[in-house]
Structures are given as C-alpha cells and as structure tokens.
Chemist: 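There's a structure below that I have some questions on.
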Amino acid sequence: MGKITKLEDIVSLCKRRGFIFQSSEIYGGLASCYDYGPLGVELKNNVKKAWWKAVVQMRDDIVGLDCSILMHPLVWKASGHTDKFADLIAECKKCNVRTRVDHLKERVEEAAEEHTKHVSIESAMARAEDLSNKVCPNCGTVGKFTEPMPFKLMFETQMGANVDDSMTLYIRPETAQGIFANFRNVLDTTRVKIPFGIAQIGKSFRNEVTTKAFIFRTREFEQAELEFFCEQGTDEKWYEHWRRARFKWYTDLGLKKENLRFREHEANELAHYAKACVDIEYRFPFGSGDWQELEGIANRTDYDLRQHQRGMRTVNKWYENNRDLTNIELADEAGDFEKGPLSYFNDEQKKRYIPYVIEPSAGIDRSALAFLVDAYDEEMVRGEQRNLLRFHTAIAPIKVGVFPLVKRDGMPEIARNIYDDLKRYFNCFYDEKGAVGRRYRRQDEAGTPFCVTVDGQTIKDNTVTVRDRDSMDQVRVSTDKLVSHLREKLDL
RNA sequence: GCGGGUGUAGCUCAGUGGUAGAGCGUCACGUUGCCAACGUGAAUGUCGUGGGUUCAAGUCCCAUCACCCGCUCCA
C-alpha cells in the first residue's frame, strides 16, 4: 500500500484522476452528494457488471429485475419503513449530544434494556414524553433534554403536476421492496422454482442523520441487492452459501484478503425483520473507524412477503382514507396467510408456503471505492516513483492503451487502425503525445492493464509489443493475433 | 447537531492590510526508437460564497456553504 493514509488522500486521488467529484462543486457543493468522473463511471459500471455477471449471468437460479424508484406508498407502510424508518432523537442541553430516545436509560439502574427496537413515531412519542428521569449517556446529566425530534429517514416527493391533486410518495430507501412487490410477477412469468433469487441494481435514498466520510454514507447511493427465496429450514444453509459466495466475489476481483473481514451482528442490533445478519467489511487505510461495511447479508425470514400480503389487504382502507397513509393501520394477517397471493406452490410436494429470504445487499459506491483504494500502489523504478492502480482486469476503467512509439514513419496511422479495431472489443485509449515512457506511466495511474505499442518492427513484420502494467514486461504479438491475445489476457 | 481544523491554479501548498505565486500536472512547437528525458512557449484564479471595516482585504470582522478529524448516529 502506498501513501494513502488519510481520507483526504483518497479524495485528492479521486479528484486528480477524474474518478469522483463533489456534486455541484461550482456552486459550493451539496452536502453528501458526489459525481463520478470519466474514469469513475467506467470503474463503477465495471463493478456493477462484475456483480451482475457473478450473481445473475453465471447462475441458473437467479433472474434480474429493474424496478421504478417510486412505488405505491403502501409498499413502505407494509415493509415497516414509514413507521420504523423514523427515529426519535433528543439532545442533551448540557453537552449537546444527541441520542436516540429509545436508547436512553433511567437514572435508576434498571435491567438493562439491551434489545432496542425501532418503533413507530406515535408510540415512541407517547412513551418518550417523560424524559425527566433519563440519563445522558455522554455527560451523565439527568433530565436536561430537548423535546424529542422525529427524524424522517425517507425522502418524500409529490406525484402529479396539479398541486391540488398530487400525492405524497416516498423515494425508495432500498431496492429490496421492488423485488418483493414483483415476486408474484416473476413466479408467473419465468418458470423459476424455489430455491431461486431475484437481483437488482439501483439507486436508493436515505436521509441519514449524519453523513460525512466522503462516499461511505451518502444520502443518495447505489445498491446491488439479491433476494434469494428458499424454503424455511433451508434458510441457514443458504445464508452460509451466500456469506461465502459474496466474500469470495471481492477477493476474486482483487481485494486483498487481509483487508476484508466478516462482522457478525449481535442479537440486539438485528433489524426488525432479520433472523441473522453479517457484514462484509473492508479496512480502509485511514482514520480510526477504518473497518467499513461494504455489504450486509441478512436472513430476512418470511417477514417481507407476509407484510406485503397484509399491505394488499389494506388498499381499500387506504383509498377510503383519501389515499393518506397517516392514521392507517395495516390490515391483520389472514389466518391462512401461507396460502396467500405471495405464497409459493411446490408442485412435487403439493405444498404451499411463504418462502424465507436470504438477502446479500452490497453498496456499489463503497465497493468501487474499496477497489480503487486497494489497487493503489507506489513503487520505485530506476530512482523514479511509479504510481499505479493494480486493478483487476474486469474492474479497470480502460483495458488497453494504444501508442505509436514515435509520431512518424507511418506509426501513428498503423496504431490508429489497431485502436479502431480493438475498441470494438475493449475500452481503449489512443495516445501519441510525448515520450512513450510517459504514456506508459499515465496509463499506470489510470490502472490500464495493457499497452500496445507500434514500433519500427511493426512495419516489417506486423508485430507489436504488449506491455504489462504490473511487471512492465513486454511481449511481441502478431497484429492478427492481437485481439485473441488480449481477450485471453483480459478474460473478456 | 456539538467540539476542533481546513478552504488561494486540475493536484500539493506558499503568500507581513498595498501588483496573485511556486512545484507537479495540462496544452502547443521542436527534439525524442521502449518506461514520468530535454528545450522553448502558453493557458488556467468569482483567493469557497455573501456582507462589513478600510483610501486599500486572499490577509481584519460577521454570516453562510462545503470538506476533514473527533463525538454522535448508522437495518
């Protein structure tokens, strides 16, 4: 690992090389929002492609999906997000530290209420009215709190141009619910059989209480989520399967093993729907909170599908309430919920049931940054420092650089032809400016795995040199074998 | 949201209330036959933003925005 020891170094590298810019920078920036530059968008797209290939393309038991970001409001009522995706926070007037109200403890030492849960704002408000005996966990002051402030973690927006006739919608805080909402459609149209999965990549939005830390926790972010449906009883086996498979995905794409680890969730930090959850964390090379979550793998049980069956039974009530979610209670679960509309029928066993779900949920932005940081390297070559990004070939934004050795004797024309040919297969970059060594180094900094150079010998025997980024070694390859040579090397 | 810090060229950073700077990078021309060579030249600045004090503000004051560190938070 090179000299990246601070987050600022990463921010600087990302800016300098055109990977990531601050959003709206010319207007002074917008907190927590970032843009991907020319190299960054290639990197990010490659990360998404690699995920899709491993999770969808290479598997017979998983299909893809791309859902709209705006969904029916009842989706979020049923999923629990409208109630439970809101925290009530009070601030200690003495030390100004904010704490979730449900985390506050009585002054009298009570049986420690370890199992904290998100609850609806209404009930939390009712329960939290009296903070006079609560202790600030930071400074120990008793009963000096501000009024509890509700935090809405979902973005809201209006649908409908006519102001009088518009409806408040939520911008999805996770892609998962779109998958659950389409469970029936996929069953009916694709001949999948349990166990099977549905995968989706897309943007999600959360009003985090605090953001900070570059792109690790942004309010707009991209997720790659798989909902893998299986029969209850097999869920633990599949949970183990996906833990291993997802960890391997990161190492297969070049992340160093010593920078990756699992972190099991304790029982008291599990989400309201989860039976088990583990994070895959990456050790970013800076600061104190260096291990950061890249992906969480959760056993969501049959919670979501059962909840949506309740949601479907609530539609009329919602409509009668003028399409207003407030003061609406989710309909009770049917007695025979296992035979409901989101159930699965196993034709061999003649058995109908609501499947369990294993959910690997990866942060694309975080992963892209981990790949970037992990690939960064500095080394001394003949007394000069060489900066390079040792990207896995699948991740590298540019696959091949194409150069004429010098800008004469017909070399640029030949190199151009080769470039025009290669770019049909790979993302290539043509460069004829300045000394060739400089061009090599520039591609090293962008992480380009191979550079093809046309030289004097090319004119005589139609061979070119192919230079390897990591070793800087060169081999001569006949131009008519160049595409197949690079394809093999790049595994494309 | 609290405390601390930062904000000047694409990047890293100098800059004493009085002409806006360096290194690296970028571009052009020449040279250059394989790893950041050299020469000549050039471009690039709302000094984060807005107000105030002053004859004069990058510099002093106020507000604000953004980022970093710590706390806090985090399905």
Side-chain angles (χ1 to χ4, degrees), chain A residues 6-18 21-34 37 79-81 84-85 87 89-100 103 117-118 136-139 146 149 151 153 173-174 176 204 206-214 216-217 265 269-274 277 279 286-289 292-293 296-298 300 303 359 361 381-388 403-409 411 433-445 451 453-458 464-465 467-469 471-474 476:
Chain A
K6 291 184 304 207
L7 188 53
E8 284 170 80
D9 296 335
I10 296 174
V11 176
S12 172
L13 171 73
C14 288
K15 174 82 185 283
R16 191 169 64 244
R17 298 300 314 177
F21 307 127
Q22 170 138 51
S23 168
S24 311
E25 196 184 306
I26 60 170
Y27 288 101
L30 180 65
S32 167
C33 295
Y34 294 89
S79 71
H81 286 82
K84 291 166 182 153
F85 212 55
D87 292 329
I89 294 202
E91 188 170 307
C92 174
K93 286 175 183 168
K94 192 171 179 204
C95 64
N96 292 314
V97 164
R98 303 160 108 193
T99 311
R100 257 169 55 184
H103 283 182
K117 276 183 184 165
H118 293 263
C136 172
N138 182 57
C139 67
T146 59
M149 311 170 267
F151 273 71
L153 299 189
E174 63 174 23
S204 293
R206 298 179 189 176
N207 264 320
E208 303 287 354
V209 176
T210 55
T211 53
K212 311 295 177 187
F214 198 38
F216 300 118
R217 193 180 306 126
H265 283 218
E269 65 173 319
L270 288 176
H272 59 272
Y273 52 74
C277 188
D279 289 342
F286 52 76
S288 58
Q292 303 274 351
E293 174 190 352
I297 297 141
R300 290 180 83 127
Y303 178 85
E359 178 198 73
S361 173
V381 177
R382 295 173 209 183
E384 295 275 1
Q385 181 174 308
R386 185 168 84 112
N387 297 343
L388 69 160
F403 316 140
L405 184 59
V406 287
K407 210 163 63 173
R408 55 177 163 78
D409 300 340
M411 293 181 205
K433 305 279 170 59
V436 73
R438 187 177 200 78
R439 287 176 260 154
Y440 286 143
R441 297 301 175 86
R442 244 195 295 249
Q443 292 306 312
D444 288 342
E445 273 204 303
C451 291
T453 301
V454 170
D455 58 15
Q457 198 177 326
T458 308
V464 292
T465 61
R467 179 259 196 189
D468 177 81
R469 175 195 66 205
S471 64
M472 297 191 289
D473 291 340
Q474 290 176 298
R476 287 208 80 88

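Below, all heavy atoms of this structure are taken into account, side chains as well, without hydrogens, waters or symmetry copies. Letters go in sequence order (proteins before strands), and every chain restarts at 1. What you see is a predicted model; the values in this text were computed from it and never measured.
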Chemist: Rounded to whole Å, please give me the gap between OH in A/Tyr27 and P in B/U64.
Modeler: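 These atoms are roughly 23 Å apart.
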Chemist: Taking atom types as modelled, find out whether A/Ser12 and A/Asp9 have a side-chain donor-acceptor pair closer than 3.5 angstrom.
Modeler: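 No.
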Chemist: What closest approach, in Å, do A/Arg439 and A/Gly434 show between heavy atoms, and which atom pair accounts for it?
Modeler: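 Minimum heavy-atom separation between A/Arg439 and A/Gly434: NH2-O, 2.9 Å.
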Chemist: Quick one: label A/Ile26 by what it contacts on the DNA or RNA (base, sugar-phosphate, nothing), any heavy atom closer than 4.0 Å.
Modeler: base
Chemist: Taking the C1' atom of each, how far is B/C24 from B/G30, in whole Å?
Modeler: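 Comparing C1' positions in B/C24 and B/G30 gives a spacing of 23 Å.
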Chemist: Of all heavy-atom pairs between A/Asp444 and A/Arg386, which one has the smallest distance, and what is that distance?
Modeler: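 Smallest interatomic distance, heavy atoms only, reads OD2-NH1, 2.8 Å.
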Chemist: For B/U72, give its Watson-Crick or G-U wobble partner with both distances under 3.5 Å, or none.
Modeler: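 Looking at the geometry, B/U72 pairs with no nucleotide.
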Chemist: Determine: side-chain N/O of A/Arg17 to OP1/OP2 of B/C11, distance under 4.0 Å, yes or no.
Modeler: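 Result: no.
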Chemist: Nearest to the A/Arg442 side chain among B/U26, B/U32, B/C67, which nucleotide is it?
Modeler: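 Closest of the options to the side chain of A/Arg442: B/U26.
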Chemist: Which nucleotide, B/A66, B/C34, B/A75, lies nearest any side-chain atom of A/Gln22?
Modeler: B/A66
Chemist: Considering Watson-Crick and G-U wobble pairs with both distances under 3.5 Å, what does B/C11 pair with?
Modeler: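 Because both required distances fall under 3.5 Å, B/C11 counts as paired with B/G23.
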Chemist: Picking from B/U12, B/U32, B/A75, which would you name as closest to the side chain of A/Arg206?
Modeler: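 It is B/A75.
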Chemist: Would you say A/Arg300 reaches B/A75's phosphate, i.e. side-chain N/O to OP1/OP2 under 4.0 Å?
Modeler: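 No, A/Arg300 has no side-chain N/O under 4.0 Å of OP1/OP2 on B/A75.
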Chemist: Using a cut-off of 4.0 Å on non-hydrogen atoms, how would the nucleic acid contact of A/Gly456 be classed: base, sugar-phosphate, or nothing?
Modeler: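 Since a base atom lies under 4.0 Å of A/Gly456, the category is base.
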Chemist: With a 4.0 Å cut-off on heavy atoms, is A/Arg467 in touch with a base, just the backbone sugar-phosphate, or nothing at all?
Modeler: base
Chemist: Closest nucleotide of RNA chain B for A/Glu25 versus for A/Asp279: which of these residues is on the 5' side?
Modeler: A/Glu25
Chemist: Looking at A/Lys433, does any N or O in its side chain come under 4.0 Å of the phosphate oxygens OP1/OP2 on B/A28?
Modeler: yes
Chemist: Using atom P of each nucleotide, how far apart are B/U49 and B/C35 to the nearest Å?
Modeler: 45 Å
Chemist: From B/U26, B/C73, B/C11, pick the nucleotide closest to the side chain of A/Arg217?
Modeler: B/C73
Chemist: Show the nearest heavy-atom pair for residues A/Asp279 and A/His265, with the distance to one decimal.
Modeler: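 Nearest pair, atom of A/Asp279 first, then A/His265: OD2-NE2, 2.9 Å.
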Chemist: In this structure, how many angstroms lie between the P atom of B/U64 and the CG atom of A/Leu30, rounded?
Modeler: 18 Å
Chemist: Show the nearest heavy-atom pair for residues A/Ser32 and A/Arg217, with the distance to one decimal.
Modeler: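 Reported closest heavy-atom pair: OG-O, 4.2 Å.
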Chemist: Quickly work out the A/Gln385 CD to B/C24 P distance and round it to whole Å.
Modeler: 15 Å
Chemist: Is B/G50 paired to anything, Watson-Crick or G-U wobble with both distances less than 3.5 Å, and if yes, which nucleotide?
Modeler: B/C62
Chemist: Can you name the closest pair of heavy atoms from A/Gln22 and A/Leu30 and give their distance?
Modeler: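 Minimum heavy-atom contact is NE2-O, 3.8 Å.
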Chemist: Could you work out the separation of B/U72 and B/C65 based on their C1' atoms and round it to a whole Å?
Modeler: 22 Å
Chemist: So which one's nearest nucleotide on RNA chain B is more toward 5', A/Thr465 or A/Gly29?
Modeler: A/Thr465
Chemist: Could you measure between the two P atoms, the one in B/U64 and the one in B/C69, and give it in whole Å?
Modeler: 23 Å
Chemist: Please give the nucleotide sitting opposite B/C38 as a Watson-Crick or G-U wobble pair, both distances under 3.5 Å, or none.
Modeler: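 Pairing partner, where one exists within any strand: B/G30.
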Chemist: Taking atom C1' of B/C35 as reference, at what distance in whole Å does atom CG of A/Leu388 sit?
Modeler: 13 Å
Chemist: Passes side-chain contact (heavy atoms from CB on, under 4.5 Å), A/Arg438 versus A/Lys433? Steps please.
Modeler: CA-CA 9 Å; A/Arg438 187 177 200 78; A/Lys433 305 279 170 59; over 6 Å; no
Chemist: Is the phosphate of B/U32, meaning OP1 or OP2, less than 4.0 Å from a side-chain N or O of A/Arg438?
Modeler: no
Chemist: Say we look at B/C11 and B/G70: how far apart would their P atoms be, to the nearest angstrom?
Modeler: 23 Å
Chemist: Base, sugar-phosphate, or nothing: which does A/Gln474 touch, judged by heavy atoms less than 4.0 Å apart?
Modeler: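 Result for A/Gln474 = base.
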Chemist: Can you tell me, in whole Å, how much space there is between the P of B/U16 and that of B/G7?
Modeler: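 Between the two P atoms, the distance is 13 Å.
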Chemist: Looking for any heavy atom pair under 4.0 Å, which part of the strands does A/Phe21 touch: base, sugar-phosphate only, or nothing?
Modeler: nothing
Chemist: For B/A75, does either OP1 or OP2 sit under 4.0 Å from a side-chain N or O belonging to A/Ser361?
Modeler: no
Chemist: Whole Å only: how far is the CD atom of A/Glu8 from the C1' atom of B/G5?
Modeler: 9 Å
Chemist: When you get a sec, tell me which of B/A75, B/C34, B/G33 is the closest nucleotide to the side chain of A/Asp409?
Modeler: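 Ranking B/A75, B/C34, B/G33 by closest atom to the A/Asp409 side chain puts B/G33 first.
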Chemist: Picking from B/C35, B/C11, B/C68, which would you name as closest to the side chain of A/Arg16?
Modeler: B/C11
Chemist: Could you give the CG-to-P distance, from A/Asp9 to B/C67, as a whole number of Å?
Modeler: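 To the nearest whole Å, that distance equals 18 Å.
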Chemist: Between B/U44 and B/A20, how far apart are the two C1' atoms, rounded to whole Å?
Modeler: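 It comes out at 13 Å once rounded to the nearest Å.
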Chemist: Kindly point out which of B/C34, B/A75, B/C68 is positioned nearest to the side chain of A/Val436?
Modeler: B/C34
Chemist: Base, sugar-phosphate, or nothing: which does A/Glu445 touch, judged by heavy atoms less than 4.0 Å apart?
Modeler: base
Chemist: When we call it a touch if two heavy atoms are under 4.0 Å apart, what does A/Thr453 touch: a base, just sugar-phosphate, or nothing?
Modeler: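 Since a base atom lies under 4.0 Å of A/Thr453, the category is base.
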Chemist: May I have the distance from A/Lys15 (atom NZ) to B/C13 (atom P), rounded to whole angstrom?
Modeler: 13 Å
Chemist: So, for A/His81 and A/Pro173, which heavy atoms are closest and what is the spacing to 0.1 Å?
Modeler: CD2-CG, 3.7 Å
Chemist: Can you tell me the pairing partner of B/G18 across any strand shown, Watson-Crick or G-U wobble, with both distances under 3.5 angstrom?
Modeler: B/C55
Chemist: Using atom P in both nucleotides, what's the gap between B/G39 and B/U46 to the nearest angstrom?
Modeler: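 31 Å, rounded to whole Å.
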Chemist: Of the listed nucleotides (B/C68, B/C34, B/U32), which one gets closest to any side-chain atom of A/Leu7?
Modeler: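 In terms of side-chain proximity for A/Leu7, the closest of B/C68, B/C34, B/U32 is B/C68.
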Chemist: Report the C-alpha distance between A/Arg476 and A/Asp455 in whole Å, list the side-chain angles of each, state the deciding distance to 0.1 Å, and finish with yes or no for side-chain contact (heavy atoms from CB on, under 4.5 Å).
Modeler: CA-CA 11 Å; A/Arg476 287 208 80 88; A/Asp455 58 15; 3.0 Å; yes
Chemist: Searching all strands shown, indicate the nucleotide that pairs with B/G45 (Watson-Crick or G-U wobble; both distances under 3.5 Å).
Modeler: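 When the pairing criteria are applied, nothing turns out to pair with B/G45, so the answer is none.
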Chemist: Within this structure, what is the CD-to-P distance between A/Glu384 and B/C35, rounded to whole angstrom?
Modeler: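 Distance, rounded to whole Å: 12 Å.
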